[in-house]
Amino acid sequence: MDLRGRGFPSIYRLRVLLMLFHTMARITAEQEVENLSGLSTNPEKDIFVVRENGTTCLMAEFAAKFIVPYDVWASNYVDLITEQADISLTRGAEVKGRCGHNESELQVFWVDRAYALKMLFVKESHNASKGPEATWRLSKVQFVYDSSEKTHFKDTVSAGKHTANSHHLSALVTPAGKSYECQAQQSISLASSDPQKTVTMLLSAVHIQPFDIISDFVFSEEHKCPVDEREQLEETLPLILGLILGLVIVVTLAIYHIHHKMTANQVQIPRDRSQYKHMG
């Protein structure tokens with residue numbers, strides 16, 4: 001009994017040490033982030049990389065802008081007028097992130113942490129007709145903003161920190177093992193803690209992969225959004241139709257030339273019988 005009694009504290013201490021080690025490992029992993037926005041040729045696009053154990057586990061390239069409504073007093077100081085702040089994600093932002101087998105997260109802070117963006121990604125398995133299929137998606141977006149920040153907000157009535165969250169979000173759905181790419185602009189609505197206000201997040205020039213990155217700093221095969229695929233089809237369709245039309249014209253001319261040549265080589269039988277004496 002004494003041996004067991006002495007064994008329990010040792011096991012407990014071991015568990016505590018393992019939990020502390022796990023927590024420290026997660027903290028260390030969260031700090032392995034890089035802001036590579038300076039490498040982008042698009043001044044509005046940011047590039048973020050999260051690395052764990054020396055390898056890339058999350059990559060994100062995108063341009064983001066937030067349209068934030070806020071109230072100001074009218075000139076009579078009785079009525080309220082709704083103004084709009086356009087807040088773009090700027091270069092040089094502070095970045096944090098973490099990676100998991102089925103859940104990854106990216107956090108970005110800018111303008112002295114007056115603004116903060118959190119994006120949560122999840123990977124899920126579904127039963128399909130061909131068998132189990134795995135996909136990943138953007139499941140949550142949170143945007144924290146300080147309306148007392150003077151660069152974007154002017155004389156707001158409800159100055160202070162506000163939080164805007166997505167609701168039942170399922171965006172950027174992509175087959176597992178692939179990256180998501182979309183040049184077209186897409187919007188996500190966020191419900192703000194500022195009463196009766198909805199923040200709109202505009203994403204464009206997106207290339208994201210939060211899971212299953214094989215090569216360091218290299219995206220896997222792209223899964224393009226439907227809008228980009230449609231635009232690409234609209235761009236290539238006139239070229240395809242032009243090639244088909246050109247081929248039809250060439251074939252028609254070739255048939256006409258062959259037919260004309262065969263007809264010219266045939267012996268012409270005179271219709272006037274007086275001409276028969278000249279034959280043979």
Side-chain angles (χ1 to χ4, degrees), residues 15 18-19 21-23 25-34 36 45-64 95-108 117-143 165-191 201-234 236:
R15 287 179 178 175
L18 287 174
M19 289 178 64
F21 177 78
H22 179 68
T23 303
R26 286 188 61 184
I27 292 173
T28 303
E30 289 179 355
Q31 293 176 347
E32 288 188 72
V33 294
E34 295 184 59
L36 304 179
K45 186 168 73 171
D46 292 272
I47 305 175
F48 306 113
V49 176
V50 180
R51 310 182 80 228
E52 285 188 355
N53 301 322
T55 58
T56 304
C57 60
L58 186 154
M59 288 181 64
E61 298 182 10
F62 59 89
V95 193
K96 292 177 64 177
R98 62 179 179 86
C99 298
H101 181 68
N102 294 317
E103 188 175 291
S104 296
E105 184 178 278
L106 180 68
Q107 297 183 60
V108 186
L117 169 65
K118 180 191 291 186
M119 305 173 75
L120 182 67
F121 305 91
V122 296
K123 186 166 67 171
E124 303 166 320
S125 294
H126 309 275
N127 290 323
S129 58
K130 299 179 181 179
E133 291 184 353
T135 60
W136 66 262
R137 63 185 173 91
L138 175 62
S139 64
K140 183 178 180 180
V141 171
Q142 183 182 82
F143 177 58
N165 289 298
S166 59
H167 185 64
H168 299 306
L169 182 62
S170 182
L172 319 186
V173 180
T174 304
K178 292 187 177 182
S179 62
Y180 176 89
E181 186 176 30
C182 191
Q183 296 301 314
Q185 187 179 84
Q186 46 198 315
S187 64
I188 298 174
S189 296
L190 310 174
M201 177 185 183
L202 300 177
L203 281 174
S204 60
V206 177
H207 200 177
I208 295 178
Q209 186 172 357
F211 303 101
D212 307 318
I213 295 178
I214 299 174
S215 301
D216 215 16
F217 296 106
V218 178
F219 285 107
S220 299
E221 179 186 353
E222 299 87 359
H223 171 75
K224 293 186 178 294
C225 62
V227 178
D228 277 10
E229 289 183 342
R230 185 165 59 250
E231 289 180 353
Q232 186 176 6
L233 179 61
E234 291 174 354
T236 56

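Bear in mind that the values here come from a model prediction, so they are computed numbers and not experimental data. Here, residue 1 is the first one in the sequence, and each next residue gets the next number.
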Subject >> Distance-only donor-acceptor check, side chains Glu124 and Thr135, under 3.5 Å >> reply: no
Subject >> 4.5 Å side-chain heavy-atom contact, Val206 and Gln186 >> reply: yes
Subject >> Validation row: Phe217, Arg51 side chains within 4.5 angstrom (heavy atoms) >> reply: yes
Subject >> Any side-chain heavy-atom pair of His207 and Glu222 under 4.5 Å >> reply: yes
**OP:** Work out which heavy atom in Glu61 is nearest to a heavy atom in Phe219; give both atom names and the distance.
**Re:** OE2-CE1, 3.5 Å
Original post:
So do Phe48 and Val33 actually touch side chain to side chain, heavy atoms under 4.5 Å?
Top reply: no
Original post:
Cys57 and Ile213: which non-hydrogen atoms are nearest, and at how many Å?
Top reply: C-CD1, 3.7 Å
Original post:
When you look at CD1 of Ile214, are more than 12 heavy atoms from neighbouring residues, nucleotides or ligands closer to it than 6.0 Å?
Top reply: no
**OP:** Answer whether the closest heavy-atom distance between the side chains of Val49 and Leu58 falls below 4.5 Å.
**Re:** no
**OP:** Could you pull out the closest heavy-atom pair between Ser166 and Leu190, with the gap in Å?
**Re:** N-CD2, 3.6 Å
**OP:** Looking only at non-hydrogen atoms, find the nearest pair between Ser187 and Leu202 and report the distance.
**Re:** CB-CD2, 3.6 Å
**OP:** Would you indicate whether the side-chain heavy atoms of Val141 and Met201 approach each other to under 4.5 Å?
**Re:** yes
Original post:
From Thr174 OG1 over to His223 NE2, what is the distance, rounded to the nearest 0.5 angstrom?
Top reply: 5.0 Å
Subject >> Heavy-atom donor-acceptor pair, Glu105 side chain to Phe121 backbone, under 3.5 Å >> reply: no
**OP:** Take atom NE2 of His126 as the centre, draw a 6.0 Å sphere, and report whether it contains more than 12 heavy atoms from other residues, nucleotides or ligands.
**Re:** yes
Original post:
Hey, mind stepping through Val50 and Thr56 against side-chain contact (heavy atoms from CB on, under 4.5 Å) and telling me if it holds?
Top reply: CA-CA 6 Å; Val50 180; Thr56 304; over 6 Å; no
**OP:** Taking atom types as modelled, find out whether Asp216 and Thr55 have a side-chain donor-acceptor pair closer than 3.5 angstrom.
**Re:** no
Original post:
Rounded to the nearest 0.5 Å, how far apart are NZ of Lys96 and NZ of Lys118?
Top reply: 9.0 Å
Original post:
Looking only at atom types and distance, does a side-chain atom of Ser179 sit under 3.5 Å from a main-chain N or O of Ser220, one as donor and one as acceptor?
Top reply: yes
Subject >> Lys123/Glu103 ion pair, N-O < 4.0 Å >> reply: no
Original post:
Mind checking whether Cys99 and Ser104 have side chains closer than 4.5 Å, heavy atoms only?
Top reply: yes
Original post:
Atom CG in Leu172, atom CG in Leu138: separation rounded to 0.5 Å?
Top reply: 5.0 Å
**OP:** Compare every heavy atom of Phe62 with every heavy atom of Ile208, then report the nearest pair and how far apart it is.
**Re:** CD1-CD2, 4.2 Å
**OP:** State, yes or no, whether a side-chain contact exists between Leu203 and Ile188 at a heavy-atom distance under 4.5 Å.
**Re:** yes
Subject >> side chain to side chain contact (heavy atoms under 4.5 Å, CB included), paired with Leu120, selected from Lys140, Arg137, Gln142 >> reply: Lys140
Original post:
Judged by atom type as modelled, is there a donor-acceptor pair below 3.5 Å linking the side chain of Trp136 to the main-chain atoms of Gly177?
Top reply: no
